[in-house]
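First up is the structure itself, then whatever we jot down about it.
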Amino acid sequence: MTRGESVLVKRRIWITPFLLFCSLLPFAPANAMVAQGVASYYGERFNGRQTASGERFNMNALTAAHKTLKFGTRLIVTNKTNGRSVEVTVNDRGPYVRGRTIDLSKAAARKLGMLGRGVAPVELKILNDDTAKTPSRSALTVAAAQQIMIDLF
């Protein structure tokens, strides 16, 4: 076996199971969507400005910004440091800081007890009931794929 063939075989050994696993991602049910990440918050500076959904940002409402979830998606955000949880509704896009998963309104951050530090490790869980808008399949796939890549590397 030549050196070039050896590299190809090594890649095939790693890529084949990964691609098989990724091909199964769209079949994951929405209520199984749980993600880990880092939350931050935004408040006074953006209060009253228009969000990506068209609503005005209200720092005293329980809202959040997420990169891929549909507007109107309801989430339970749990602070992994102290165990506090809050229910928020996605109405904006972001965060735009590398390494952050979600931006919360100041009221949501207050309920999670993260105002002092400004950031906190969190767990996100999508609420899946008849009144909630479920995330698109592509949002689930992207979020799940991001989590897999983080876990692998």
Side-chain angles (χ1 to χ4, degrees), residues 14-153:
W14 181 81
I15 290 174
T16 303
F18 180 72
L19 291 176
L20 176 64
F21 181 73
C22 288
S23 69
L24 299 175
L25 288 176
F27 298 107
N31 60 0
M33 172 61 179
V34 175
Q36 312 276 329
V38 177
S40 53
Y41 77 93
Y42 58 127
E44 291 90 359
R45 184 172 150 204
F46 297 97
N47 199 35
R49 290 189 186 179
Q50 190 171 13
T51 64
S53 68
E55 298 175 31
R56 293 278 173 203
F57 175 66
N58 179 357
M59 69 181 190
N60 298 311
L62 298 177
T63 59
H66 193 275
K67 293 175 187 167
T68 58
L69 293 174
K70 278 187 176 180
F71 297 132
T73 300
R74 292 185 8 238
L75 303 167
I76 294 288
V77 181
T78 304
N79 184 335
K80 292 170 59 177
T81 305
N82 60 22
R84 292 185 188 179
S85 294
V86 65
E87 181 180 327
V88 296
T89 304
V90 175
N91 73 341
D92 203 1
R93 291 289 172 234
Y96 297 107
V97 176
R98 182 179 226 155
R100 307 268 172 88
T101 308
I102 192 166
D103 269 340
L104 302 168
S105 64
K106 189 171 184 179
R110 183 178 296 115
K111 288 199 179 238
L112 290 178
M114 59 177 273
L115 286 181
R117 284 196 67 194
V119 295
V122 294
E123 179 179 276
L124 308 175
K125 182 175 181 186
I126 293 178
L127 291 179
N128 188 26
D129 64 357
D130 297 335
T131 60
K133 292 181 184 176
T134 57
S136 67
R137 284 181 77 160
S138 61
L140 278 178
T141 304
V142 169
Q146 286 173 343
Q147 188 62 44
I148 289 167
M149 295 306 287
I150 290 168
D151 291 343
L152 284 175
F153 302 102

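All residue numbers in this chain count up from 1 along the given sequence. What you see is a predicted model; the values in this text were computed from it and never measured.
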Point-to-point distance, once rounded to the nearest 0.5 Å, from [atom1] of [X] to [atom2] of [Y]:
{"X": "Leu112", "Y": "Arg84", "atom1": "CG", "atom2": "CZ", "value": "8.0 Å"}
{"X": "His66", "Y": "Asp103", "atom1": "NE2", "atom2": "CG", "value": "10.5 Å"}
{"X": "Thr89", "Y": "Phe71", "atom1": "OG1", "atom2": "CZ", "value": "12.5 Å"}
{"X": "Tyr42", "Y": "Ser105", "atom1": "OH", "atom2": "OG", "value": "7.5 Å"}
{"X": "Glu44", "Y": "Met59", "atom1": "CD", "atom2": "CE", "value": "4.5 Å"}
{"X": "Met114", "Y": "Thr81", "atom1": "CE", "atom2": "OG1", "value": "9.5 Å"}

Practice problem: I would like to know whether Asp92 and Thr63 meet side chain to side chain contact (heavy atoms under 4.5 Å, CB included); could you show each step before the answer? | Solution: CA-CA 8 Å; Asp92 203 1; Thr63 59; over 6 Å; no
Write down the atom of [X], the atom of [Y], and the distance for their closest heavy-atom approach.
{"X": "Arg49", "Y": "Arg45", "answer": "NE-O, 3.6 Å"}
{"X": "Lys106", "Y": "Gly43", "answer": "CB-CA, 4.3 Å"}
{"X": "Phe57", "Y": "Phe46", "answer": "CD2-O, 3.3 Å"}
{"X": "Lys67", "Y": "Arg100", "answer": "NZ-O, 3.7 Å"}
{"X": "Ala109", "Y": "Leu115", "answer": "CB-CD2, 3.9 Å"}

Practice problem: Go through the steps for Leu62 and Glu87 under the test side chain to side chain contact (heavy atoms under 4.5 Å, CB included), then give the verdict. | Solution: CA-CA 7 Å; Leu62 298 177; Glu87 181 180 327; 5.9 Å; no
Self-check item: Option among Thr78, Ile76, Val77, Leu75 that satisfies the side-chain contact (heavy atoms from CB on, under 4.5 Å) test with Val122
Solution: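 It is Val77, the one option of Thr78, Ile76, Val77, Leu75 that forms the side-chain contact (heavy atoms from CB on, under 4.5 Å) with Val122.
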Is the backbone N or O of [Y] less than 3.5 Å from a side-chain atom of [X], with the two atoms forming a donor-acceptor pair by type?
{"X": "Thr101", "Y": "Val38", "result": "yes"}
{"X": "Thr73", "Y": "Val90", "result": "no"}
{"X": "Arg74", "Y": "Ile126", "result": "no"}

Self-check item: Sequence neighbours excluded - side-chain hydrogen bond (donor to acceptor under 3.5 Å, both in side chains) pairs with any residue from residues 52-62
Solution: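 Those involving residues 52-62 are Thr51-Ser53, Glu55-Asn91.
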